[in-house]
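Each chain gets a letter, A, B and so on, in the order the sequences are listed, and its residues count up from 1. When reading the values below, keep in mind they use all heavy atoms of this one structure, side chains included, and skip hydrogens, waters and symmetry mates.
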2 protein chains.
Amino acid sequence: MATPRFDIIGQAIADASRTRMLCELMEGRAFTNKELASAAGVTPQTASAHLRLLQDAGLVVAEKRGRCVFHRLSGPEVAHTLEQLAAIAPMDSLYRAQRRKAGGLAEVRSCYDHLAGPLAVALADALIARGHLREEAGGFHPVAGAVWAGLGVTVPEHVGRTPFARPCMDWTERRLHIAGPMGRQILTHALEAGWLRRPVRGRGLEVTAPGHRALHEMLGLGGVLARGTTSKSCEEA
Amino acid sequence: MATPRFDIIGQAIADASRTRMLCELMEGRAFTNKELASAAGVTPQTASAHLRLLQDAGLVVAEKRGRCVFHRLSGPEVAHTLEQLAAIAPMDSLYRAQRRKAGGLAEVRSCYDHLAGPLAVALADALIARGHLREEAGGFHPVAGAVWAGLGVTVPEHVGRTPFARPCMDWTERRLHIAGPMGRQILTHALEAGWLRRPVRGRGLEVTAPGHRALHEMLGLGGVLARGTTSKSCEEA
DNA sequence: CAAAGGCTTCGCCCCGCACCGAAGTCTTTG
DNA sequence: CAAAGACTTCGGTGCGGGGCGAAGCCTTTG
C-alpha cells in the first residue's frame with residue numbers, strides 16, 4: 001500500500017524551534033519572520049529556513065506585504081490537527097508550576113479562530129451546566145435560548161452535516177471547549193463588543209471590565225475570573 | 001506559556017522507516033520486531049532502536065511474550081491522531097497508480113479496531129444512501145432498523161456523551177467511514193461471521209464468498225466488490 | 001540617490017542520528 | 001547442556017540538518 005507521507009509533517013514538527021513557531025501561529029494571526037524568530041529564540045536567518053520548511057510541508061503559507069512577509073497557518077485543519085497532536089503529546093514540565101503562578105483564568109488566548117484556555121473551558125462548562133449546551137454523541141448541541149444572542153451567536157435553524165459547535169480539546173487544560181462556527185462567532189463578538197482585546201505588547205488576550213461584567217451577568221463566571229484579570233505574559237526562556 | 005512538546009511526537013514520526021512501521025501498526029494488531037523491521041526495510045537492530053524511540057514518545061507499547069517482543073500502538077487516540085495527520089499529509093505519488101491497478105474495493109484493511117479503505121467508505125455511503133445512517137453536526141447517527149442486527153451492531157437506547165459511530169477520515173480515500181464502538185462492532189462481527197479473514201500471508205483482509213453475499217444482499221455492494229475479490233499485497237520497495 | 005530595515009542566500013561548523021556488523025543476553029528447543 | 005532463534009547493546013561510519021555570521025536582494029524612508 002502507498003503509505004501516507006506523514007513523515008513530511010513529522011519532519012516539520014520534529015524541531016523545538018519550529019514547534020515554538022507553530023504554537024505562536026496557533027493563535028490564528030499572521031506573524032512576521034522577525035516575530036517568529038524571537039518567539040523561537042533563533043536568529044532571523046534560521047527562522048527563515050524553518051519557515052521555508054513549514055511552507056514546503058504545507059502547514060504554513062506566506063504572504064508578502066511591503067517589505068514584510070507575513071506567515072500564518074495554512075488552514076483550520078492544520079490548527080485542528082496540531083491541537084489533537086498536542087493532546088497526546090507530553091506537556092512541558094514547567095507547565096504546572098507556571099499555571100499555578102498565573103492562577104485562575106489569567107491565561108486567555110485564541111486558538112486559530114476561537115477562544116481557548118481556561119476561560120474557554122469554563123465558558124463551555126457554564127453553558128453545559130446551565131442547560132444551554134448539550135454534550136451528546138461527541139458533539140456540542142446548542143439549546144435555543146436567550147444566551148446565544150447575548151454571546152453574539154446565531155443558532156442555525158437546522159443541523160447541517162458539518163458541526164456548528166465542534167468540541168476542541170484544549171492542549172493546556174486537556175478539556176473541551178467550543179470551536180467551529182459557534183466558537184468563531186463567540187470570539188468575533190467578544191472582540192467587537194470590547195469584552196476582549198489584544199494587548200499592545202505581548203501575546204494572548206485581555207479581558208476588559210465590560211467583559212468581566214458580561215461574563216458574570218450571563219454565566220456567573222465572575223468568581224473564576226477574580227484571580228487573574230489580565231493576560232499573563234507567555235514568555236519563557 | 002508552556003508549549004506542548006509535540007516536537008517529541010514529531011521527532012518520532014519524522015523518519016520514513018518509523019512511518020512505515022506505524023502504518024503497519026495502524027492495522028491494530030501487535031507485531032514483532034522482526035516483522036516491523038521487514039516492513040520498514042531495515043535490519044532488526046535498527047528497528048529495535050526505532051521502536052525504542054516510538055516507545056519513549058508514547059506512541060507504541062511493547063509486551064514481552066516468550067522470546068518475542070510484541071509491539072502495538074499505545075491506544076486508539078494515537079491511531080486516531082495518526083489518521084488525522086495522514087489526512088493533511090501529502091500522499092505518496094505511487095498511490096493513484098497502484099490504486100487503479102488494484103481496482104475496486106480490492107484493498108480491504110482494518111484501521112486500529114475498525115474497517116477502513118474503499119470498502120469501509122462504500123459501506124458508510126450505502127448506509128447513508130439507504131437512510132440507515134444520518135450525517136449530522138459532524139457525527140454519524142444510526143436510525144433504528146433491521147440492518148444493524150444484520151451487521152452485528154447493537155444500537156444503544158440513548159445517545160451518550162461519547163460518539164457511538166464516529167466519522168473517521170480514511171487516509172487513502174480521503175472520505176469518511178465508520179469508527180467508534182459501531183465501527184468496532186462491525187469489524188468484530190465481520191470477522192466472527194467469516195465475512196472477512198486475515199490472509200495467511202501478507203497484510204490486509206480478505207472478503208470471503210459469504211462476505212460478498214452478505215454485503216450484496218444487505219447493502220447492494222456486490223457491484224463495487226466485483227473488480228477485486230481479494231486483498232492485494234501491500235508490498236512495495 | 002543614499003541609508004535603513006526586513007528578509008533571504010551562502011558558507012561553514014558541529015551535533016545528532018540512521019544504519020549496519022559484531023558481540024552479548026535471554027528464551028526455547030533438541 | 002548445546003544449539004538455535006529473537007532481540008538488544010556497542011562501536012563505528014556517514015549523512016542530514018540546525019545554528020550563526022557575512023553578504024546580497026528588495027522595499028521603504030529621508
A:V69 or B:Q11, whichever maps to the more 5' nucleotide of DNA chain C: A:V69
A:G204 to A:E27 - nearest heavy-atom pair and separation: N-OE1, 3.9 Å
Which of these nucleotides, [options], is closest to any side-chain atom of [X]?
X: B:V42; options: D:dG17, C:dC20, D:dG19; result: C:dC20
X: A:R67; options: C:dT9, C:dA4, D:dA6; result: C:dA4
X: B:K34; options: D:dA6, D:dG17, C:dG6; result: D:dA6
X: B:R18; options: C:dA18, D:dG21, D:dC7; result: C:dA18
X: B:Q45; options: D:dT8, D:dC7, D:dA4; result: D:dT8

Whole angstroms only, please: what is the [atom1]-[atom2] distance between [X] and [N]?
X: A:L36; N: C:dG6; atom1: CG; atom2: P; answer: 14 Å
X: A:D7; N: C:dA18; atom1: CG; atom2: P; answer: 12 Å
X: A:L54; N: C:dT8; atom1: CG; atom2: C1'; answer: 16 Å
X: B:D56; N: C:dC17; atom1: CG; atom2: C1'; answer: 14 Å
X: B:D15; N: D:dG16; atom1: CG; atom2: P; answer: 13 Å
X: A:F70; N: C:dG6; atom1: CZ; atom2: P; answer: 11 Å
X: A:L51; N: C:dT8; atom1: CG; atom2: P; answer: 7 Å
X: A:N33; N: D:dC26; atom1: CG; atom2: P; answer: 17 Å

Does [N] have OP1 or OP2 sitting under 4.0 Å from an N or O in the side chain of [X]?
X: B:T46; N: C:dA18; answer: no
X: B:S17; N: C:dC19; answer: yes
X: A:H50; N: D:dG19; answer: yes
X: A:R65; N: D:dT27; answer: no
X: B:S48; N: D:dC7; answer: no

Upstream residue (5' side of DNA chain D) when A:T43 and B:E35 are each assigned their closest nucleotide: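 Comparing both residues, the 5'-ward one is B:E35.
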Donor-acceptor side-chain pairing of A:R166 and A:H114 below 3.5 angstrom: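 Looking only at side-chain atoms, A:H114 and A:R166 do not form any donor-acceptor pair under 3.5 Å.
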Point-to-point distance, once rounded to the nearest 0.5 Å, from CD of B:E24 to CG of B:L73: 11.0 Å
Neighbour count above 12 (heavy atom, 6.0 Å) for B:R52 CZ: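 Counting neighbours around CZ of B:R52, 12 or fewer heavy atoms of other residues, nucleotides or ligands fall under 6.0 Å, so no.
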Heavy atoms from other residues, nucleotides or ligands near CZ of A:R197 exceed 12 (cutoff 6.0 Å):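 Count not over threshold, so no.
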